[in-house]
Amino acid sequence: MVESKQQWKAWVYLAPAIVLLLVFTVWPIINTVRMAFLENYSGLKAAGGMVFEFGFGNFEKVVNYRRFVSCLKNTVLLCLWTVPISTFLALLIAVALNAIKPLQKVLQTIFFLPYVTNSIAIGMVFAAMFNIVGSFYGTENEIIVTAGIINNVIEFFGGKPVNWINYGSSYAANMFVMVVYIVWNALPFKILVLLGGLQSINKQYYDAAKVDSTPKRRIFTHITVPLLSPMLAYVIITGFIGGFKEYTSVVGIFGENMGPPNDAGRLNTMVGFIYDALSTNQQGRASAAALILFGIILVVTMINLQVSKKRVHY
Amino acid sequence: MKIVLENLTKIFPSRNKKADDEVIAVNNFNFEIPDGKLIGLLGPSGCGKSTTLYMISGLQKPTSGRIYFGDDDVTEVSTENRGIGLVFQNYALYPHLTVKQNILFPLQNLKGEDKMTKEQMLERAYEAARLVQIDTLMERKPSELSGGQQQRVAIARALVKMPRVLLLDEPLSNLDARLRLQTREEIRRIQKETGITTVFVTHDQEEAMSISDMIVVMKTGIVQQIGKPQEVYDSPANLFVAKFLGTPPINVFEGSVKGEKLFIGDSAVMDVPGVADQEVMVGIRPEGFILDENGPLKCKLSNVEVMGRDVSVVSTHANSCNPMVRSIIDADNKVNPESDEVRYSLKKHKTFIFNKETEERIYVEVK
């Protein structure tokens with residue numbers, strides 16, 4: 001048992017952390033729930049002394065909002081594409097990195113660079129890479145000059161340049177650019193985690209597999225992947241959570257327009273939706289959307305954990 | 001399948017280019033392991049015994065020398081194609097697979113003509129499991145097994161594909177004393193039942209002596225002596241082997257040979273016909289002492305340890321290289337623990353003399 005005097009001391013030591021958590025984490029969470037269930041809640045009106053009734057109006061509004069379904073669809077699609085692709089690529093790269101001896105540390109550093117680079121800056125570089133200068137307004141008489149390096153490469157190999165992100169570009173092309181960007185951006189962290197996992201696998205398992213004349217592919221699928229499964233589960237679960245919160249990547253490539261110039265908001269995501277509501281002072285609607293997003297992430301994570309119970313070998 | 005090691009040498013290059021610290025782990029090892037025998041590689045840690053084993057397995061490449069399985073030169077053959085079974089020191093069982101899946105794993109890798117149906121594989125797996133008596137544990141994961149059970153699973157996994165050669169790396173080091181005794185008997189039994197040429201590595205001389213058909217004693221990469229356990233014990237080739245084998249260890253004295261007589265201190269303890277005058281080291285097994293009131297070797301008595309069947313007499317002697325001289329004598333002989341002195345005569349075949357410089361054995365004609 002801790003003496004009461006000692007207990008008092010303990011609380012004092014804990015106070016700075018607890019106060020900060022209460023103010024910046026716990027209260028915002030409670031307040032979000034509160035605001036979501038107050039009809040038409042707005043911070044400005046509340047400051048003016050307005051009283052709001054309890055109700056589900058905010059949720060109704062969110063669901064009926066013109067862009068809501070599109071935002072939800074974009075978010076889910078980005079998750080479903082980027083998480084498996086980036087995990088698979090990260091696994092291959094990590095295994096390859098682990099297998100080579102010379103320059104391993106240098107390559108590791110190179111692969112880790114995107115992680116410490118500003119994502120807006122990376123987005124702008126990607127936007128430049130996928131750009132087509134000259135077709136911006138798409139008028140008939142304009143000579144189309146391609147300047148983006150991706151289209152230059154396509155043309156070099158005799159292909160037709162694609163309008164990736166500019167005026168009049170297709171939704172599929174837009175999504176493709178987003179997926180490439182997000183996957184590229186997500187790789188370093190995943191590679192780091194998986195490489196760490198690989199290096200902690202006892203080398204004797206591989207010696208044992210060798211003695212048993214195990215083919216390379218079987219070593220990968222039957223030894224490496226299962227022994228790496230805790231790391232893979234971690235990377236996939238955090239990948240999904242991060243994927244559902246995708247926002248800056250879209251801003252990085254399309255700017256605040258959240259879509260090509262002729263269709264603003266086409267690539268908006270759930271978090272973007274929340275920001276939009278906040279910027280028009282509709283905290284009630286924003287909170288409701290945040291709770292919906294929370295619910296989705298919760299369900300997906302539960303499914304993930306349920307699957308990993310069967311598949312992950314700790 | 002006999003295994004022939006020919007001038008086998010392994011040198012680990014130095015890490016630091018400037019420092020000349022390359023390590024010769026195994027130095028010019030020549031040995032023909034007879035078919036169907038159990039061979040123990042024995043030596044202190046760092047003597048190159050595990051390196052030798054790993055070279056036989058193919059996981060390590062020899063720097064020079066050749067390895068033959070039967071008449072096939074397998075030096076350049078990769079591990080996968082050598083057809084060996086290897087039990088690792090830590091067993092290296094796949095933790096995510098059940099016992100059954102672990103044992104099936106090597107069979108599922110078989111290709112071409114050797115490929116088996118599922119039923120055949122299961123039959124073979126259960127056969128191997130029965131041999132090591134773990135057929136009731138087939139659905140467990142390795143983490144749910146005791147050390148001894150894990151070790152048996154590892155042996156079953158090594159045996160299931162019917163290897164030409166079975167290699168065991170310190171197989172008993174993770175077991176407690178009781179289990180170690182039991183398991184070493186089992187290794188012997190399994191080896192006899194299967195008749196597979198088996199090489200195992202250990203630093204425990206008792207373990208090696210008790211189950212091996214032949215033992216190889218190594219020190220700093222160099223083979224010291226090869227022979228049947230009893231022969232090596234009875235006739236060590238040098239002081240190192242004499243010291244390494246036997247518990248309690250051999251007693252070593254500084255002595256000299258003068259006029260075909262062996263002196264320890266001032267007393268002539270034994271006739272050594274045909275040995276030239278020189279300084280020597282004398283090794284006397286604890287059971288080589290005979291209690292004798294008029295014996296030439298006088299020791300100062302420290303204490304007497306009664307062990308029931310026999311008595312261990314602990315004494316000191318000025319010329320002894322060890323702090324204590326320990327002899328084991330029959331309990332029928334009464335030693336008065338109160339007396340200051342104990343006198344021995346020596347058994348000739350339990351007393352060895354070694355060159356003081358080279359520590360090589362000087363053989364004496366026993367008449």
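So you know, we letter chains A, B, ... as the sequences are listed, proteins then strands, and number each from 1.
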Toward chain A, the part of [X] with a non-hydrogen atom under 4.5 Å:
{"X": "B/Leu93", "value": "backbone"}
{"X": "B/Phe105", "value": "both"}
{"X": "B/Leu86", "value": "both"}
{"X": "B/Gln108", "value": "both"}

Does atom [atom1] of [X] have more than 12 heavy-atom neighbours from other groups under 6.0 Å away?
{"X": "B/Lys115", "atom1": "NZ", "result": "no"}
{"X": "A/Phe88", "atom1": "CZ", "result": "no"}
{"X": "A/Tyr171", "atom1": "OH", "result": "yes"}
{"X": "A/Phe112", "atom1": "CZ", "result": "yes"}
{"X": "A/Gln104", "atom1": "CD", "result": "yes"}
{"X": "B/Asp71", "atom1": "CG", "result": "no"}
{"X": "B/Lys37", "atom1": "NZ", "result": "no"}

A/Thr214-B/Asn109 side chain donor-acceptor pair, cut-off 3.5 Å: yes

Considering all heavy atoms of both residues, which atom of [X] and which atom of [Y] are nearest to each other, and what is their separation?
{"X": "B/Glu80", "Y": "A/Ser213", "value": "O-OG, 2.9 Å"}
{"X": "B/Lys161", "Y": "A/Asp212", "value": "NZ-OD1, 3.4 Å"}
{"X": "B/Pro95", "Y": "A/Leu227", "value": "CG-CD2, 3.4 Å"}
{"X": "A/Ala208", "Y": "B/Arg157", "value": "CB-NH2, 3.7 Å"}

With distance as the sole test, does B/Tyr94 use its side chain to make a donor-acceptor pair with the main-chain N or O of A/His222 at under 3.5 Å?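 Checked: no pair found.
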
Quick one: CG on B/Leu59 to OH on A/Tyr206, what's the gap to the nearest 0.5 Å? 15.0 Å

What's the spacing between B/Ser57 OG and A/Lys210 NZ if we round to 0.5 Å? 8.5 Å

